[in-house]
Amino acid sequence: MLCQNCGSAEATTHIKRIVNGEATEIHLCYNCAEHLGYANMFSGFGFNISNMLQNFFPEFSRALPTVDRSERCPTCGTSFEEVVRTGMMGCADCYGVFYDKLKPSLSRIHGRATHVGKSGVAQITAAESPKLEDTLTKLKDELKEAVDTQNFELAAKLRDEINAIEGGTK
Amino acid sequence: MSKWYLLSGAENDVAISTKVAIARNVKGYNFTVKLTPDEKYEIADKIDDVLDEKLPGKFVSTPMNEVGRDLQISLAERGIVSPEFISFAEGRTLIMTEDESLSIMVCEEDHLKIQALLPGLELEKAYELSNTLDSVLDEELEFAFDKKLGYLTQCPTNIGTAMRASVTLQLPALAMRGQIGRLSATVAKLGLVLTGAYGEADNPVGSLFQLSNQVTLGISEQAAIENLKSISLSVIEQERALRKELMENLKFQDILWRSYGTLKNARVISFGEFMEAMAVVKIGVAEGEIKVKNENLNELIFTMQPATLNVENGRSLDRQIRDAKRAEAVREAFGE
């Protein structure tokens with residue numbers, strides 16, 4: 001393949017980067033790569049390809065033995081291992097199938113946010129609804145903090161909320 | 001019909017163009033990475049059918065493997081398609097209006113990337129254009145959407161609104177004063193990213209930068225647009241203030257008039273040299289020292305690029321001939 005910049009020398013440097021959400025692949029010869037500032041890519045500005053994917057899903061590099069990476073999406077056949085390796089989902093249903101495993105990465109990328117803004121015509125519910133256990137744990141943590149900081153008004157309010165949920169589930 | 005970049009937009013002394021891109025995937029199909037070329041063309045056909053019915057005569061649909069290499073690169077030079085989109089052509093289709101302001105890249109990363117491009121700082125208008133087209137298509141095609149995660153995309157970084165809005169800004173004064181590093185650190189804290197438009201990231205050709213939103217989940221389209229707009233305006237004000245200051249400087253005045261001389265007199269000029277001189281001259285134009293219209297300068301950013309010049313001339317030109325043609329066009333723009 002020839003260099004995309006000068007079109008004359010053989011391309012030896014291949015760069016993938018994401019600008020503006022657009023994945024871009026550039027093939028350059030050594031001279032052009034150096035000239036355009038791609039030669040020293042590992043210390044470069046925002047396109048470190050060497051560990052981009054590991055950065056993307058670091059939880060799984062660490063949690064390798066505990067997460068079952070062979071599970072497949074029944075719709076498109078994509079395995080979780082593939083998702084981690086490529087950073088891409090195979091279909092819309094993958095989000096539902098792998099939701100629990102993805103959650104740490106999703107919240108690292110996006111925070112604890114949920115979607116606000118325009119809604120689609122075809123709404124599917126891939127993500128789970130918030131679990132009561134999670135809500136309870138959160139409220140109990142907040143209660144403990146409120147007591148610790150002697151914010152008793154808030155503590156009383158939280159205690160009522162907890163009682164209401166626990167009463168409802170019993 | 002004039003191409004969008006030949007028109008004049010708001011704040012065009014600094015803001016070159018505005019782009020709003022929305023990624024969508026059709027429900028019932030795997031994501032692009034898992035599709036065969038036939039399935040990709042099937043999606044393009046479905047989009048064509050909806051557009052033919054709802055907005056007849058407005059769009060032209062072209063499979064990328066029917067587009068010559070020069071035109072492919074020219075489309076990328078003008079920001080209509082991504083470099084990735086032309087890296088291979090099979091299965092990919094470009095659907096766009098005659099003025100090229102509204103387009104759909106079919107089966108780039110996601111099934112659809114709906115994109116509106118306008119000159120100057122025109123975020124609301126660009127969003128309005130792409131949003132309307134999105135709604136028309138969603139009604140018939142049904143896009144993959146989840147209540148909590150929003151629009152679902154192949155890459156999990158884009159879920160939510162799946163919208164990237166960006167403003168291309170020409171910031172020669174901030175660049176000359178070494179302010180770009182500080183600026184990108186500041187905008188990063190505000191959920192935006194500043195990158196070079198062409199060439200090196202921190203020292204791009206012609207001091208052209210792209211300012212865009214980073215966050216797609218948990219912020220509405222309107223809020224993201226409003227945020228990007230107000231920060232763009234603040235960057236524009238900073239650039240203007242520094243330009244004023246530079247004009248007081250004799251050394252800068254010398255650089256300015258020499259650059260003007262280059263553009264007015266050169267017989268052969270590369271795109272890089274043109275852009276460097278033009279970025280400096282922009283400051284003189286903004287301060288009223290040099291009488292050329294901003295929109296005429298801005299359109300040259302698109303029309304003077306190598307492949308776009310080839311397309312304009314109907315053939316792949318030798319580099320030297322192309323540089324001569326460019327010099328001629330630039331002299332003309334400067335009223336020779």
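Residue numbers start from 1 in every chain, and the chains themselves are labelled A, B, ... in the order their sequence lines are given, proteins ahead of strands.
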Asks: If you take the centroid of each ring, where Trp contributes its six-membered ring, are B/Phe145 and A/His115 closer together than 6.0 Å?
Replies: yes

Asks: Examine whether an atom of B/Val215 lies under 4.5 Å from a heavy atom of chain A, and if so say whether it belongs to the side chain, the backbone or both; otherwise answer neither.
Replies: neither

Asks: In terms of side-chain geometry, is the basic nitrogen of B/Lys34 or B/Glu39 positioned less than 4.0 Å from the acidic oxygen of its partner?
Replies: no

Asks: Between B/Asn131 and chain A, with a heavy-atom cut-off of 4.5 Å, which part of the residue counts as in contact: side chain, backbone, both or neither?
Replies: both

Asks: Do you know which of B/Ser87, B/Ala162, B/Pro306, B/Gly160 has the most heavy-atom pairs under 4.5 Å to chain A?
Replies: B/Gly160

Asks: Tell me, for B/Thr32 versus chain A, whether the close heavy atoms (under 4.5 Å) come from the side chain, the backbone, both or neither.
Replies: neither

Asks: Looking at A/Glu142 and A/Lys157, does any basic side-chain N land under 4.0 Å from a carboxylate oxygen?
Replies: no

Asks: What part of B/Ile159 is in contact with chain A, defined as an atom under 4.5 angstrom from a non-hydrogen atom: side chain, backbone, both or neither?
Replies: both

Asks: Mark yes or no for whether B/Asn213, through its side chain, and B/Met163, through its backbone, hold a donor-acceptor pair below 3.5 Å.
Replies: yes

Asks: We want to know whether B/Ser135 and A/Lys118 form a side-chain donor-acceptor pair, criterion being a heavy-atom distance below 3.5 angstrom.
Replies: yes

Asks: Based on non-hydrogen pairs under 4.5 Å, which of B/Thr216, B/Leu35, B/Val33, B/Thr161 is most in contact with chain A?
Replies: B/Thr161

Asks: With a 4.5 angstrom heavy-atom cut-off, could you sort out which part of B/Leu217 is near chain A: side chain, backbone, both or neither?
Replies: both

Asks: Are B/Leu137 and B/Arg24 close enough that some pair of their side-chain heavy atoms sits under 4.5 Å apart?
Replies: no

